[in-house]
Amino acid sequence: MNSFTLERVVRFTKKLVRKAIGCSCLEDYSVKERRQIWSMVNPLEKKHIHNCQLLEDRLKMLEYMPKNAVCAEIGILRCEFSQSILEITQPSKLHLIDIDPTAVNIAREKFKDNIASGQVEVHLGDSAATIMAMSENYFDWSYVDGDHSYSGAKRDLEATRLKLKTDGLIAVNDYVFFSVSDFKKYGVLEAVNDFCINHHFEMLFLAFQGRSYNDVVLRQITENVQSIS
Ligand SMILES: C[S@@+](CC[C@H](N)C(=O)[O-])C[C@H]1O[C@@H](n2cnc3c(N)ncnc32)[C@H](O)[C@@H]1O
């Protein structure tokens with residue numbers, strides 16, 4: 001038996017075992033079955049992308065975000081990107097939000113001085129609920145990178161929109177259909193497209209990331225707003 005045949009036999013046997021013990025996984029479905037599980041993506045139109053610029057990565061994207069702004073990062077994990085937001089955009093106020101106490105403790109330790117000066121505020125809790133407790137017309141921009149399910153991303157986008165200034169920006173990480181690292185379906189791409197379609201937002205930037213975990217920046221479509229340069 002050559003190695004190709006052996007690999008197929010092993011895969012098939014594993015599939016049978018998983019089925020027998022009732023724990024089938026994504027690999028066990030056929031292409032046709034997977035297409036049925038995952039509904040179609042609503043496509044964007046020209047008006048949603050015609051001002052969109054491509055950027056090499058999300059650090060470059062930060063250079064286009066407003067300086068001295070009021071902003072938030074939803075989902076901070078180890079606070080590595082929070083540090084980049086602080087260094088590159090020098091916000092007047094940065095809200096760091098995470099549901100995981102470990103992430104929040106990292107932020108409290110890492111940004112002790114910024115918290116003392118009032119530049120950084122750290123929040124432990126659900127992101128959409130935390131954002132909804134803020135004043136209206138508050139954020140210049142926000143970075144959405146919390147719950148990557150369709151409903152999670154949708155909630156964060158909707159909450160952010162309600163607290164955003166008229167010409168505010170929403171940056172969203174992981175604009176991707178499927179996560180190759182954790183072999184899991186993400187819903188961010190569909191949530192972003194539906195958000196743009198339903199709320200009349202356009203993409204201003206698409207910033208590439210390794211393995212296609214791309215970022216996008218969204219802004220409400222208005223007649224008078226100039227493109228960002
Ligand atoms: C991908 S990580 C964020 C990475 C970080 N933005 C970066 O670029 O380095 C996602 C984070 O979102 C947090 N999270 C997930 N669901 C959340 C929710 N409903 N509310 C707040 N945070 C959430 C997780 O605890 C995790 O720390």
Side-chain angles (χ1 to χ4, degrees), residues 1-46 48-49 52 54-58 61 73-78 80-81 97-100 102-103 126-129 142-161 170-199 201-203 205-218:
M1 198 184 290
N2 65 29
S3 63
F4 179 70
T5 314
L6 180 65
E7 194 193 316
R8 291 188 76 181
V9 170
V10 169
R11 270 186 30 214
F12 186 69
T13 312
K14 281 183 179 172
K15 182 176 167 175
L16 284 183
V17 172
R18 283 196 295 263
K19 200 169 177 191
I21 61 172
C23 57
S24 293
C25 72
L26 214 46
E27 282 173 80
D28 301 337
Y29 295 101
S30 67
V31 172
K32 194 173 167 205
E33 286 167 333
R34 282 200 291 266
R35 279 178 192 264
Q36 280 162 356
I37 301 169
W38 298 329
S39 55
M40 296 295 286
V41 177
N42 291 318
L44 297 177
E45 295 171 36
K46 179 88 176 162
H48 300 117
I49 54 164
C52 188
L54 299 182
L55 299 174
E56 48 270 56
D57 59 39
R58 65 178 180 164
M61 177 193 83
E73 183 183 10
I74 293 174
I76 55 175
L77 197 64
R78 286 180 291 277
E80 285 152 4
F81 197 61
I97 307 164
D98 208 291
I99 203 161
D100 180 357
T102 307
D126 173 66
S127 46
S142 176
Y143 189 71
V144 177
D145 189 14
D147 179 345
H148 293 82
S149 66
Y150 176 82
S151 58
K154 182 178 171 174
R155 282 180 73 230
D156 285 340
L157 285 165
E158 302 278 0
T160 303
R161 181 182 70 88
I170 308 178
V172 190
N173 183 239
D174 298 330
Y175 179 68
V176 64
F177 185 80
F178 189 86
S179 167
V180 287
S181 297
D182 41 9
F183 206 72
K184 192 173 155 189
K185 177 78 184 79
Y186 277 6
V188 179
L189 188 143
E190 291 94 322
V192 164
N193 284 16
D194 288 353
F195 180 80
C196 289
I197 294 163
N198 295 334
H199 296 293
F201 272 64
E202 63 176 330
M203 271 182 197
F205 298 106
L206 170 62
F208 293 117
Q209 281 295 116
R211 298 181 184 170
S212 299
Y213 288 98
N214 303 330
D215 284 27
V216 287
V217 178
L218 314 175

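In this text, all values refer to a predicted model and were calculated from it rather than measured experimentally.
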Which pairs with one or both residues in residues 2-19 pass salt bridge (Lys or Arg N to Asp or Glu O under 4.0 Å), sequence neighbours excluded?
-> E7-R11, R18-D28

Gap separating the CD1 atom of I197 from the CG atom of L44, nearest 0.5 angstrom = 5.5 Å

Stepwise ring-ring contact (aromatic ring centres under 6.0 Å, His included) check, Y150 with Y186 | CA-CA 7 Å; Y150 176 82; Y186 277 6; over 10 Å; no

Side chain to side chain, N193 and Y175, heavy atoms closer than 4.5 Å = yes

Residue pair Q209 / D57, side-chain heavy-atom distance below 4.5 Å | yes

Find the distance between CG (D215) and CE (M61) and round it off to the nearest 0.5 Å.
-> 4.5 Å

Rounded to the nearest 0.5 angstrom, the CG-CE distance for L218 and M203 is 6.0 Å

Here the pair of heavy atoms bringing L206 nearest to C52 is N-SG, 3.7 Å

So OH of Y143 and CD1 of I74: to nearest 0.5 Å the spacing works out to 11.5 Å

Does N42 use its side chain to pair, donor to acceptor, with the backbone of D194 at less than 3.5 Å?
-> no

State, with a plain yes or no, whether a side-chain heavy atom of V176 is found less than 4.5 Å away from one of H148.
-> no

Is a donor on one side and an acceptor on the other found under 3.5 Å between the side chain of K185 and the backbone of F177?
-> yes

Interatomic spacing from CZ in R78 to CD1 in I76 - rounded to 0.5 Å = 11.5 Å

Does some side-chain heavy atom of F195 sit less than 4.5 Å from a side-chain heavy atom of I170?
-> yes

No-hydrogen, no-angle side-chain donor-acceptor test under 3.5 Å, Y213 and S179 = yes

F183 vs F178 aromatic rings, parallel, tilted or perpendicular, using cut-offs 30° and 60°?
-> perpendicular

Check A191 against L157 and note the closest heavy-atom contact, atom names and distance.
-> O-CD1, 3.8 Å

Can you sort out the partners of D98 under side chain to side chain donor-acceptor pair (under 3.5 Å), two or more places apart, ordered by chain and number?
-> none

Check whether any side-chain heavy atom of L16 sits under 4.5 Å from a side-chain heavy atom of T13, and report yes or no.
-> no

Salt bridge (Lys or Arg N to Asp or Glu O under 4.0 Å) pairs touching residues 147-160, sequence neighbours excluded, are D126-R155, E158-R161

Quick one: OG on S151 to CD on E190, what's the gap to the nearest 0.5 Å?
-> 11.5 Å

